[in-house]
There are 2 protein chains.
Amino acid sequence: MAEDVSRRQALAGGSEARESFHSVRLEIGLSRQPTIKDVASKAEVSFKTVSRVLNGEPHVRKEVRERVLAAAAALDYRPNIAARGLIGGRSRLIGFLYDNPNYSYVTEAEIGALLRCREAGYHLAVEPVDSRGDVPRQIEQIISSLRLDGVILTPPISDDPGALAVLDRLGVAHVRIAPEAGRDKGPCVFIDDEAAAFALTRHLIGLGHSTIGFVQGHPDHGASHLRQAGFERAMAQAGLTTRPAHMVQGYFTFESGMSAGRALLDAPDRPTAVFAANDKMALGVMAAARELGLSAPEQISIAGFDDTRAAQISSPQLTTVRQPVDIMCQAAADMLITLAANEALDDPALQLPFEIRARGSTAAPAAEPQSV
Amino acid sequence: MAEDVSRRQALAGGSEARESFHSVRLEIGLSRQPTIKDVASKAEVSFKTVSRVLNGEPHVRKEVRERVLAAAAALDYRPNIAARGLIGGRSRLIGFLYDNPNYSYVTEAEIGALLRCREAGYHLAVEPVDSRGDVPRQIEQIISSLRLDGVILTPPISDDPGALAVLDRLGVAHVRIAPEAGRDKGPCVFIDDEAAAFALTRHLIGLGHSTIGFVQGHPDHGASHLRQAGFERAMAQAGLTTRPAHMVQGYFTFESGMSAGRALLDAPDRPTAVFAANDKMALGVMAAARELGLSAPEQISIAGFDDTRAAQISSPQLTTVRQPVDIMCQAAADMLITLAANEALDDPALQLPFEIRARGSTAAPAAEPQSV
DNA sequence: TTCGAATCTGACAACGTTATCTGATCAGCC
DNA sequence: GGCTGATCAGATAACGTTGTCAGATTCGAA
C-alpha cells in the first residue's frame with residue numbers, strides 16, 4: 001500500500017502530487033487528526049472562518065456557518081488543545097490541588113469537579129501538594145509547567161496563605177473549598193461548618209445527652225475550629241458544660257479517632273455521646289467503643305461530620321452532617337470556567353446548605369445513668 | 001498605568017519602544033513566564049542551544065551547557081508544555097481512565113500513577129468513562145482533545161474490547177490494570193487473582209470452615225471470574241462441595257453485598273463463613289450479619305478482597321487479600337513513560353505479588369455445629 | 001600552515017490555533 | 001449611481017518549542 005502511494009507521487013508532479021496524496025490519506029481514513037485546515041477545505045472556506053465558527057464569533061453568514069459545522073462534524077474534528085493553549089494562554093486545564101489523598105472527601109470532590117469540567121470542554125489535572133513542604137513553590141511548579149487556567153484548592157491548602165499569595169502573584173484564578181477565613185478575599189465555596197456542628201450537637205442534646213465528648217479535627221484545617229465553635233455554642237446555649245477531659249485532639253484520621261475514643265471512653269466519667277469532627281474519626285471512636293465492649297448506640301452514641309461513603313457502610317450507620325462536597329467542587333469548577341472566560345462571578349463566596357443525617361449510631365442515652 | 005505605558009510607546013519610535021517596554025517588564029520582575037529566549041539572551045547563546053541543553057542533546061560544550069543551566073535556574077525557567085506538545089505530538093500528559101468512581105481502588109490507583117508521573121515530569125489527566133455508554137467514542141474524544149501520550153485503563157475498561165481497538169487504531173500507548181484475559185496482547189499489570197482467591201479460601205478451610213458462601217463480583221469485571229475460579233478450586237481440592245444457594249451474585253457494591261449477605265445468612269443452612277469477591281461486598285455481608293444478630297467472627301467469618309482502606313477501619317477489621325493497587329498503577333505509569341520515550345518494555349505483562357491479610361473478621365467456626 | 005573531519009552553534013521552518021488587520025461585498029442612503 | 005457603513009471573509013503574524021540543515025569553529029594530521 002505504501003508502495004502504491006509513492007508510485008502515485010512519482011507519476012504526478014509537484015504540488016498536485018501532494019494534494020492527491022493528501023486526499024488519498026483522507027479517503028483511506030488514516031488516523032491522523034483532522035486539523036482546522038482540513039475542515040476549511042472541506043467546507044470551502046478559509047481556515048480562519050472555521051475558527052470563527054467554532055469559537056462562536058460573529059460575522060459569519062448563517063449559510064457558511066452551517067456548512068462549516070457540517071464539515072467539522074463529518075470529519076469528527078476536535079481542536080488541538082496544545083495549539084489553543086499556546087496562542088491564547090488558556091490551557092483549558094483546571095488544576096485540582098489537594099494535600100493528603102486519604103482525606104475521604106477527595107474522591108467525591110474530584111468527581112464533582114470532573115463532571116462540570118467535562119461539560120464545559122475542560123479537563124482536570126489532579127495534583128497532590130505536600131503541605132508540610134514548600135507549598136508556594138510546589139504550586140508555582142505545577143502552574144507554570146501546565147499553564148493551568150485555574151485551580152481548585154481543597155483543605156488544608158485552602159487556608160495556606162503562601163498558596164494564595166503565589167496564585168495572586170501569578171494571576172491564576174482559584175477557588176477555595178471550605179476555607180476557614182478570608183471568605184471575602186476571593187472566590188470560595190463552603191458550608192456553614194459552625195452552624196452544622198451546632199445543629200448536630202443540638203440533635204444529640206435533643207436525644208437527651210448531657211455529657212458529650214468532642215474529638216477535634218486537624219488543627220491546620222480551618223473547618224476544625226469552626227466545628228468546635230459550633231459544638232461549644234450549642235453546649236453553652238443548653239447550659240451544659242464541657243469538661244476539658246472530654247475535648248480530645250484528633251487529626252482527621254481513623255487512628256487518631258480511635259485513640260481519642262479510647263481516651264474518652266476508657267474513663268470513669270465517660271460521656272454518653274461523642275461528636276467527632278469528621279467521619280473517619282467517628283469510625284475510630286466506634287472501633288474503640290467496640291474494643292471496650294460498648295455497643296453503639298445502646299451504650300454510646302457516636303456522630304461524625306461529612307457524610308462520607310464510609311459513614312453509610314459502617315455498622316451501625318453513622319449519624320453525621322452531609323456536606324455536599326461533590327456539588328461544592330462542581331460549583332468551584334463552574335466559577336473557574338466563568339473566570340477563565342473573563343466574566344464576572346455572580347457570587348464569589350458561595351454558601352451551600354448542609355443536612356443533618358440522623359442514623360443508627362445515635363440514640364437516647366440509657367435510661368439509668370451509667371455507673372462505671 | 002496603562003496610560004503611562006501607551007505614552008511611553010507613543011514617545012519612543014517603533015520597535016525600539018517595544019524593546020524598552022520589554023526590558024522594563026523584565027526589570028520590574030513581572031510575572032510573565034520566562035521563555036527559552038529569555039534564557040538564551042541571559043546565557044548569551046541562541047535559543048536553539050538552550051533547547052539542546054534542556055533536552056540533554058549532545059554537541060554542546062560543557063562550558064556552554066553550564067552557562068545555560070545556570071541561566072535557566074536563575075530565571076526559574078520551565079518549558080511551556082503546550083508548545084512542546086504542539087510540535088512533538090507528546091503532551092506529557094497521561095490519561096487515567098476509570099469507570100465507576102465508587103470502585104474503592106480508584107483513589108489508591110490514582111495516587112500511585114500520580115507519584116510516578118510527577119517524578120518523570122508528566123502529569124495525570126483523570127477521565128471518567130461510562131462503560132454503559134459508547135466506550136470507544138468516549139476514549140477517542142478524550143485522546144484527541146488532549147493528545148495524551150498514553151492511558152492507564154482500570155477495570156472494567158481494561159477488558160473492554162472496543163477500548164483496546166480504538167487505542168490501537170489511534171496508536172496510543174496503553175497499560176491495562178488487572179485485565180481478565182489477553183495478558184499477552186499488550187502491556188498490563190496484574191496480580192494472580194485466581195491464586196489469591198485460592199489462598200484466601202484455603203485460609204478459611206484451614207480455620208475449620210467447611211460450609212463457605214461466596215459472593216460473586218460484577219460480571220463485567222474479569223477479576224470476578226478469576227476470583228470465583230480460585231475459590232472453587234480450593235473447595236474442590238479440599239473435597240468440599242459448594243451448594244448453588246451459597247453462590248450469590250453481587251456487583252462489587254456495599255448494597256449488593258448486603259442483599260447477598262441477607263440471602264446467605266437468613267436461611268436454615270447458612271454457611272459458617274462467607275468470602276466476598278471484594279471488600280465493599282464483604283462489608284455489606286457484615287452489615288447484613290449484624291442486622292440478623294450474628295456477630296463476626298464468633299458466629300460468622302467474613303472475608304473480602306482488595307484490602308481497601310475500608311477493610312482496615314471496619315469493626316472487626318476485615319480479613320482480605322492485599323492487592324497493591326498503588327504499586328500496580330505506579331508500574332503502569334512507568335511503562336507508559338518508557339513507551340513514550342520510544343523504548344521497549346522489559347516485561348509487558350507484569351505480575352505483582354499479593355498478600356493474605358488475616359484479621360479479626362475470620363476465626364474458627366463455633367465448636368458446636370450451628371443449629372438454627 | 002592547510003585540509004578534512006568532528007564538533008559545536010545558529011538561522012529558519014514547522015506544529016495548529018487565535019488575533020489583527022486589511023480587503024471584499026452588500027445594503028441603504030443621498 | 002456613488003458614497004458610507006455594516007457585515008463578512010481571508011492573509012498574515014504571532015504563540016514557544018523542537019527538527020532540519022547549513023555554517024562556524026576546533027582539532028588532529030599531513
Side-chain angles (χ1 to χ4, degrees), chain A residues 18 22 32-69 71-72 75-93 121 144-147 149 340-342, chain B residues 14-15 18 22 32-68 71-72 75 77-93 121 144-147 149 340-342:
Chain A
R18 285 181 62 87
H22 190 208
R32 182 179 70 85
Q33 294 288 343
T35 71
I36 202 169
K37 293 185 184 174
D38 297 322
V39 179
S41 63
K42 189 173 177 78
E44 295 177 323
V45 292
S46 84
F47 72 92
K48 175 60 211 182
T49 300
V50 176
S51 170
R52 257 191 279 265
V53 171
L54 265 26
N55 289 287
E57 290 172 33
H59 306 312
V60 180
R61 249 181 315 167
K62 197 182 166 197
E63 177 218 345
V64 175
R65 178 178 302 274
E66 279 165 5
R67 193 146 41 96
V68 168
L69 252 22
L75 292 174
D76 198 22
Y77 166 79
R78 264 180 296 271
N80 182 322
I81 200 170
R84 271 190 168 171
L86 181 56
I87 180 73
R90 279 174 66 181
S91 61
R92 311 214 174 210
L93 275 176
S144 59
S145 71
L146 281 174
R147 317 282 150 134
D149 283 0
N342 274 318
Chain B
S15 74
R18 285 180 62 89
H22 190 208
R32 182 180 71 85
Q33 295 288 342
T35 72
I36 202 170
K37 293 185 184 174
D38 298 322
V39 178
S41 63
K42 188 176 179 76
E44 294 177 324
V45 292
S46 83
F47 71 92
K48 174 63 211 180
T49 301
V50 176
S51 170
R52 256 190 279 266
V53 171
L54 265 25
N55 290 287
E57 290 172 34
H59 305 314
V60 180
R61 250 182 317 168
K62 196 183 166 196
E63 178 219 343
V64 174
R65 179 178 301 274
E66 280 165 6
R67 193 145 41 96
V68 168
L75 291 174
Y77 167 79
R78 267 179 296 269
N80 183 322
I81 201 170
R84 272 189 167 170
L86 181 56
I87 180 76
R90 277 174 69 182
S91 61
R92 310 209 176 213
L93 274 175
S144 59
S145 71
L146 279 175
R147 317 284 151 132
D149 284 358
N342 274 319

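Just so it is clear, the structure is predicted and the values come from calculations on it, not from any experiment. Below, each value reflects all heavy atoms present in this structure, side chains not excepted, and no hydrogens, waters or symmetry copies. First the proteins, then the strands, lettered A, B, ... as listed; each starts at 1.
- Atom CD in B/E44 sits roughly 15 Å away from atom C1' in C/dT9 (whole-Å rounding).
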Between the protein and nucleotides 19-21 of chain D, list the N/O to N/O atom pairs that are separated by less than 3.5 angstrom.
from   : atom 1 : to    : atom 2 : distance (Å)
D/dG19 : N7     : B/K48 : NZ     : 2.8

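- Going from atom CD of B/E63 over to atom P of C/dT9 covers 8 Å, rounded to whole Å.
- Listed candidates were D/dT18, C/dC8, D/dT7. Nearest to the side chain of A/H59 is D/dT7.
- D/dC15 atom C1' lies 9 Å from atom CG of B/L86, rounded to whole Å.
- Using five terminal pairs a side, the axes of the helix from C/dT1-D/dA30 to C/dC30-D/dG1 at its two ends make an angle of 60°, given in steps of 10 degrees.
- Across every non-hydrogen atom of A/Y77 and A/I36, the tightest pair is CE1-N, 3.4 Å.
- Of the listed nucleotides (C/dG16, D/dT18, D/dA9), D/dA9 has the atom at the smallest distance from the side chain of A/V64.
- In the set C/dC8, D/dT17, C/dT17, C/dC8 carries the atom at the smallest distance from any side-chain atom of B/R61.
- Rounded to whole Å, the distance from CZ on A/R65 to P on D/dC8 is 9 Å.
- The shortest distance between the side-chain N/O atoms of B/N55 and the OP1/OP2 oxygens of D/dT18 is below 4.0 Å.
- Rounding to the nearest 0.5 Å places CD of A/E66 at 11.5 Å from CZ of A/R61.
- Between B/D149 and B/R92 the shortest heavy-atom distance is OD2-N, 3.0 Å.
- Listed by chain and residue number, B/N80, B/A82, B/A83, B/L86 satisfy the side chain to side chain contact (heavy atoms under 4.5 Å, CB included) test with A/L86 (two or more places apart in sequence, or in another chain).
- Between the CG atom of B/L75 and the C1' atom of D/dG16 there is a distance of 15 Å, rounded to whole Å.
- When the P atom of C/dC15 is taken as reference, atom CD1 of A/I36 falls 15 Å away, rounded to whole Å.
- The 5' end of DNA chain D is approached more closely, in terms of each residue's nearest nucleotide, by A/V45 than by the other of B/P79 and A/V45.
- At least one side-chain nitrogen or oxygen of B/T49 sits closer than 4.0 Å to the OP1 or OP2 atom of C/dG10.
- Every residue was checked against the side chain to side chain donor-acceptor pair (under 3.5 Å) condition with A/R84, not counting sequence neighbours, and none meets it.
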Which donor-acceptor pairs under 3.5 Å do the side chains of residues 42-54 of chain A make with protein atoms, sequence neighbours left out?
from  : atom 1 : to    : atom 2 : distance (Å)
A/S46 : OG     : A/K48 : N      : 3.4
A/S46 : OG     : A/T49 : N      : 3.4
A/S46 : OG     : A/T49 : OG1    : 3.3
A/S51 : OG     : A/N55 : ND2    : 3.4

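- The 5' end of DNA chain C is approached more closely, in terms of each residue's nearest nucleotide, by B/V60 than by the other of A/K37 and B/V60.
- Taking side-chain N and O atoms only, A/R84 has a distance below 4.0 Å to OP1 or OP2 of C/dT18.
- Put simply, CZ on A/R78 is 16 Å from C1' on C/dG16, counting in whole angstrom units.
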Protein-nucleic acid N or O pairs under 3.5 Å, nucleotides 22-25 of chain D:
none

